[in-house]
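Structure record follows, encoded as structure tokens.
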Amino acid sequence: MKTAEKEKQFVTDSGIVIERVYSKPFSLNEEPGKFPFTRGIQPDMYRGKLWTMRQYAGFSTARESNKRYHYLLKQGTTGLSVAFDLPTQIGYDSSHPLSEGEVGKSGVAIDSLRDMEILFDGIDLEKITTSMTINATASILLAMYIALAKKQGADLNNISGTIQNDILKEYAARGTYIYPPKPSMRIITDIFDYCSNHVPKWNTISVSGYHIREAGATAVQELAFTLADGKAYLIAAIDKRLDINVFARRISFFFNAHNNLFEEVAKFRAARRMWATITKELGATDPRAQMLRFHTQTGGSTLTAQQPHNNIIRITLQALSAVLGGTQSLHTNGFDEALALPTEDAARIALRTQQIIAYESGVTQTVDPLGGSYFVEELTNQVEKEAWKYIQRIDDMGGAVAAIEAGYIQNEIAASGYAYQRAIESGEKIIVGQNKFTIDEPPYDDLLQIDDSVRNEQIKAIEKLKTERNNTAVSESLSDLKKAAEGNDNLMPFIIRGVEEYCTLGEIADTLREVFGEFK
């Protein structure tokens, strides 16, 4: 069924009518909105609704990040995407000795529900979708978000957003894990189960190829390893007797977009077709459980510190590939992110890049605009073929977890990253402004600076919190969480209770460390 379209008629500037979808003379058998979804998951795609325009933001304290969120919302962003600092990602409070030098640097510092209350002050959680790039501590941050929604009086049935919650790629490519794979997978499937019953619109995992690509993988490897991880999560949930037709509808993906425009488009198209096949083979019969929905972020590793304004053009090409490939959500990097967190001006330019593509380029007026191109169709087929080869090797090893434990995925990524770097250093691969077309230029100094006073501020807030909360209730909730972790209960209700009693993130993470240990 066709969705309602934004306009009565779509035309070019010359008055030429643009059809919804083009199939002839290429005799394409696949229709958008139908299995296997190569051409898009909606019959009308952006003619009916544009992608969600997110800006990945978070730095310093919750109060400072809240100001940036309000600024971005006023500028027209349609979804928030939260970046957390490294201590938050690996389960340490800002006061922990290992947090020194990192608090508020790579994202916002969140130590307790009180920080989350400040972070979203003045923002109605029923009216905004929020994506949180968090993995090892995803259950805790999601619990804080749910607790905040309850405090706002929101209907949890209307709360929507995404947690990344993809621990397998942390072992393979990024490193912000805490617990060993088995208990980590338990936490993830507990989140699947809890949210399907209590927060039904929440996307409980965003299987991330982004960091796999940033670590050095090729486009084909990014696709293959991401879908292999996704398949592992499906199997883990099925093993816990969860209904694939329910939980698979809440799985989304997070892909990278690099500079090779056509290869990226082909990757996105192949991804939908492959995921539809994987879910169907594992028993999904509901089309909504077979659809691959994905968020895209432009490539951080493609940005150069040299001639940083060149990055605006790179980001534009990458964003365009995501739109031509049918993304549901998009974040465009700031041009200065090779040097520091983006300034307000850089964040605005990044958002305007998306808006210009959406409202001025004309590429949103027809579905799958590159579909039927001999080159794009063949490239889609070839990308898919090569990705299946990797997935077959991983399946032969026993799946993604076994392949990660054997070091196979890590070694493949490392080899590709090394080859790419050698090509740049030899000049075989041209990077404009870096190894060719260089200029003498002064250091770019219009940067966002985060100093160590942020940590001192967070420590004072933690100390104040601990004098004001009910510490008896805190101890009881942590004791109950430990008992649940030692048994087989779903952990989410216990984590939510702890969060509501104002346990800190570090206290909850440490309680689980006592039971599960740490992965080395």
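Nothing fancy with the numbering, it's 1 onward along the sequence.
Atom CG in Leu465 sits 9.5 Å away from atom CG in Asp93 (nearest 0.5 Å). A distance of 12.0 Å separates CE of Met492 from CG of Asn197, quoted to the nearest 0.5 Å. Here the NE2-CZ distance, from His258 to Arg213, works out to 4.5 Å after rounding to the nearest 0.5 Å. Atoms CD and CG, from Glu264 and Asn256 in turn, are 7.0 Å apart once rounded to the nearest 0.5 Å. Separation of atoms CD1 (Ile315) and CG (Leu303) is listed at 5.0 Å; rounding is to 0.5 Å. The line from CE of Met116 to CE of Met144 is 6.0 Å long, rounded to the nearest 0.5 Å.
A donor-acceptor pair under 3.5 Å is absent between the side-chain atoms of Gln290 and the main chain of Lys280, judged by distance alone. The main-chain N or O of Ile205 is never found under 3.5 Å from a side-chain atom of Asn203 such that the two would form a donor-acceptor pair. A donor-acceptor pair under 3.5 Å is formed between the side chain of Gln318 and the backbone N or O of Gly299. With Arg114 contributing its side chain and Ala461 its backbone, the two residues share no donor-acceptor pair below 3.5 Å. Between the side chain of Lys49 and the backbone N or O of Met45 there is no donor-acceptor pair closer than 3.5 Å. With hydrogens and angles ignored, the 3.5 Å screen pairs a side-chain donor or acceptor of Gln152 with a backbone N or O of Leu125. Under the 3.5 Å distance criterion, the side-chain polar atoms of Ser81 are left unmatched by any main-chain donor or acceptor of Thr130.
Within the structure, the salt bridge (Lys or Arg N to Asp or Glu O under 4.0 Å) test picks out the following pairs touching residues 64-92 (sequence neighbours left out): Glu64-Lys67. Applying the salt bridge (Lys or Arg N to Asp or Glu O under 4.0 Å) test to residues at least two apart or on different chains, the pairs with a partner in residues 176-186 are Arg186-Asp190.
Aromatic ring pairs are classed by plane angle as parallel below 30°, tilted from 30° to 60° and perpendicular above 60°; the pair Tyr390 and Tyr408 is tilted. Relative orientation of the Tyr145 and Trp202 rings is tilted, given thresholds of 30° and 60° on the angle between their planes. Classified by interplanar angle (parallel below 30°, tilted 30° to 60°, perpendicular above 60°), the ring pair His295/Phe254 is tilted.
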* **Candidate pair Ser477 and Cys503, rule side-chain contact (heavy atoms from CB on, under 4.5 Å), full reasoning** => CA-CA 8 Å; Ser477 66; Cys503 296; 3.3 Å; yes
* To do: Apply the test salt bridge (Lys or Arg N to Asp or Glu O under 4.0 Å) to residues Lys240 and Asp193: give CA-CA distance (whole Å), side-chain angles for both, the deciding distance (0.1 Å), then the verdict.
  => CA-CA 9 Å; Lys240 290 196 73 169; Asp193 191 18; over 6 Å; no
* Asked: Would Ile163 and Ile134 count as a side-chain contact (heavy atoms from CB on, under 4.5 Å) if you check the C-alpha gap in whole Å, the side-chain angles of each, and the deciding distance to 0.1 Å?
  -> CA-CA 6 Å; Ile163 44 171; Ile134 195 73; 4.3 Å; yes
* To do: For the pair Gln458 and Ser99, evaluate side-chain hydrogen bond (donor to acceptor under 3.5 Å, both in side chains) and give the outcome as yes or no after the intermediate values.
  => CA-CA 11 Å; Gln458 288 296 115; Ser99 298; over 6 Å; no
* For Asp395 and Lys231, what are the C-alpha separation, side-chain angles and deciding distance, and is it a side-chain contact (heavy atoms from CB on, under 4.5 Å)? -> CA-CA 10 Å; Asp395 284 347; Lys231 185 176 180 179; 2.8 Å; yes
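Salt-bridge check for Asp121 with Arg63: failed, with every basic side-chain N at 4.0 Å or more from each acidic carboxylate O. A salt bridge links Glu507 with Arg469; the closest basic N to acidic carboxylate O contact falls under 4.0 Å. Using a 4.0 Å cut-off between a side-chain N of Lys or Arg and a carboxylate O of Asp or Glu, Asp480 and Arg497 qualify as a salt bridge. A salt bridge is absent between Arg272 and Glu384: the closest approach of a Lys/Arg side-chain nitrogen to an acidic carboxylate oxygen does not fall below 4.0 angstrom. With respect to the salt-bridge test (charged N to carboxylate O, under 4.0 angstrom), the residues Glu457 and Lys460 do not qualify. The residues Asp396 and Arg393 are annotated as not salt-bridged, no charged nitrogen and carboxylate oxygen being separated by less than 4.0 angstrom. Ionic pairing of Lys389 and Glu386 is present here: one or more N-O contacts between side-chain nitrogen and carboxylate oxygen are shorter than 4.0 angstrom.
A donor-acceptor pair shorter than 3.5 Å cannot be found between the side chains of Ser208 and Asp166.
Residues Tyr179 and Phe519 place their aromatic rings such that the two centres sit no closer than 6.0 Å.
Between Trp388 and Leu227, the closest side-chain pair of non-hydrogen atoms is not below 4.5 Å. Gln164 has its side chain out of reach of Tyr210: every pair of non-hydrogen atoms, C-beta onward, lies at least 4.5 Å apart. Contact annotation: the side chain of Tyr233 never approaches that of Ile238 to less than 4.5 Å [non-hydrogen atoms, C-beta and beyond]. At a threshold of 4.5 Å between non-hydrogen side-chain atoms, the residues Thr77 and Tyr69 do not count as touching.
Atom CG of Asp155 sits in a crowded spot, with more than 12 heavy atoms from other residues, nucleotides or ligands closer than 6.0 Å. No more than 12 heavy atoms of other residues, nucleotides or ligands lie within 6.0 Å of CD in Glu100, so this atom counts as exposed by the packing criterion.
The salt bridge (Lys or Arg N to Asp or Glu O under 4.0 Å) test with Lys150 singles out one residue from Glu126, Glu500, Glu117, and that residue is Glu500. Considering Phe253, Phe255, Trp275 in turn, Phe255 is the only one that fulfils the ring-ring contact (aromatic ring centres under 6.0 Å, His included) rule with Phe294.
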